[in-house]
Amino acid sequence: MKLSEYDISHPYAATLVSSSLLTPKGARDEVRHLVLRLPELGFDFLEGQSIGVLPPGPFDFGAKHHLRLYSVASSSRGETDHDTISLCVRRCDYLDEISGERYPGKASHYLCDAQPGDTIQITGPYGSHFAMPPDKSCNMLMVGAGTGIAPFRAFIRRIYEERGEWKGKVRLFYGAKSGMEMLYMNELEKDMALYYDETSFKAFEAVSVRPILDPTPALDRLMLDNQTEIWEMVQDPNTYVYLAGLTSAAEKFHKAMATMAGSEEAWAAKREELSAEGRYSELLY
Ligand code: FAD
């Protein structure tokens, strides 16, 4: 769906409660964890959904707004209480391919520069296809990189808020450019470890082999190192597969899955079967 097709006719005013760094000061990339207080009525969201952010103008020539989407990183029970929501935002720049100039991305810079107390116009929530499995006996295979961790943090918080009751296997394959960019799982911020229960949850981490030349983490290698378990999970009719983050990481995921399936065609057929059964969801950008 194109950004121009999202309904933004009912924006809500949220208030920034806090903004904290998930990456170390001075690192090449900046990613922040933002907590917003929602208006009291009307904004109910689910894990796996995204919200729209409408930064103030001026806008690009001819544009009426600059809508950008961000995945919800908190469970539907909220970040600190029911009226709060969290986002995981990377400060992005836009490279003009003609001039070669680098420009600051309007929405991500606006969010990363915002101060506690600031009002932020939000819309949505959007997208209900990237949803939790129907019951606690289901297995979850989650694969993503970079800010693609956001919806998985929401899932994991939700699963383990129901502590001890989740019976399925939960596996997270997560990649980053470097160890410090393992968002919510680096030395600065080990937040994820607070939620999961080690009997059902395992996280596998991949970092990029050459962060400058090839910033995409070695997700394919990590997955192939664990292919027996992954392929068994994919064959199990109780497993739900989720893929989130940048399309460059998705390419590595599909490459690894094609190797496990025996060919690209065999993986495409398996993926279609999973999708038809509602057991395969992507959230890519
Ligand atoms: P723009 O003027 O749009 O230009 C930014 C440039 O950065 C573009 O070249 C773009 O391709 C690239 N880029 C966009 N997002 C990323 C990223 N995360 N990492 C590296 N490069 C990127 N972004 C988040 O930070 N966190 C999220 O949880 C998140 N969830 C999203 C969910 C959905 C469904 C979609 C469609 C996008 C999501 N994004 C997320 C991306 C976000 O919507 C914006 O595209 C991004 O913040 C850049 O917007 P901007 O206005 O700052 O820059």
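Order of listing sets the numbers, starting from 1, for every ligand and every atom in it. Throughout, numbering of the chain's residues begins at 1 and tracks the sequence.
Qualifying ring-ring contact (aromatic ring centres under 6.0 Å, His included) partners for Y285, counting only residues two or more places apart in sequence or in other chains: none.
Contacts classified as salt bridge (Lys or Arg N to Asp or Glu O under 4.0 Å) and involving residues 117-144 (residues at least two apart or in different chains) are given here: K136-E162, K136-E165.
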Pairs under 3.5 Å, N/O atoms on ligand 1 and on the protein: can you put them in a table with the distances?
unit_1	atom_1	unit_2	atom_2	d
ligand 1	3 (O)	R68	NE	2.9
ligand 1	3 (O)	R68	NH2	3.1
ligand 1	18 (N)	T147	OG1	3.0
ligand 1	19 (N)	R90	NE	3.3
ligand 1	25 (O)	R90	N	2.9
ligand 1	26 (N)	C88	O	2.8
ligand 1	28 (O)	S71	N	3.2
ligand 1	30 (N)	S71	N	3.2
ligand 1	30 (N)	S71	OG	3.3
ligand 1	39 (N)	L69	O	3.2
ligand 1	43 (O)	L69	N	3.2
ligand 1	43 (O)	L69	O	2.5
ligand 1	47 (O)	Y70	OH	2.6
ligand 1	51 (O)	H66	NE2	2.6
ligand 1	51 (O)	K106	N	3.4
ligand 1	51 (O)	A107	N	2.9
ligand 1	52 (O)	G105	O	3.3
ligand 1	52 (O)	A107	N	3.4
ligand 1	52 (O)	S108	N	2.8
ligand 1	52 (O)	S108	OG	2.6

Only pairs under 3.5 Å count here: list side-chain donor-acceptor contacts from residues 49-63, not counting sequence neighbours, and write none if there are none.
unit_1	atom_1	unit_2	atom_2	d
Q49	OE1	L46	N	2.8
Q49	NE2	G127	O	3.4

**Asked** Yes or no on side chain to side chain contact (heavy atoms under 4.5 Å, CB included) for S74 and F45, after CA distance, side-chain angles and deciding distance?
**Response** CA-CA 10 Å; S74 48; F45 61 91; 4.0 Å; yes
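Remark: aromatic rings of H66 and Y110 are distant, center separation not under 6.0 Å. Checked against the 6.0 Å centroid threshold, Y174 and F204 do not count as a close aromatic pair.
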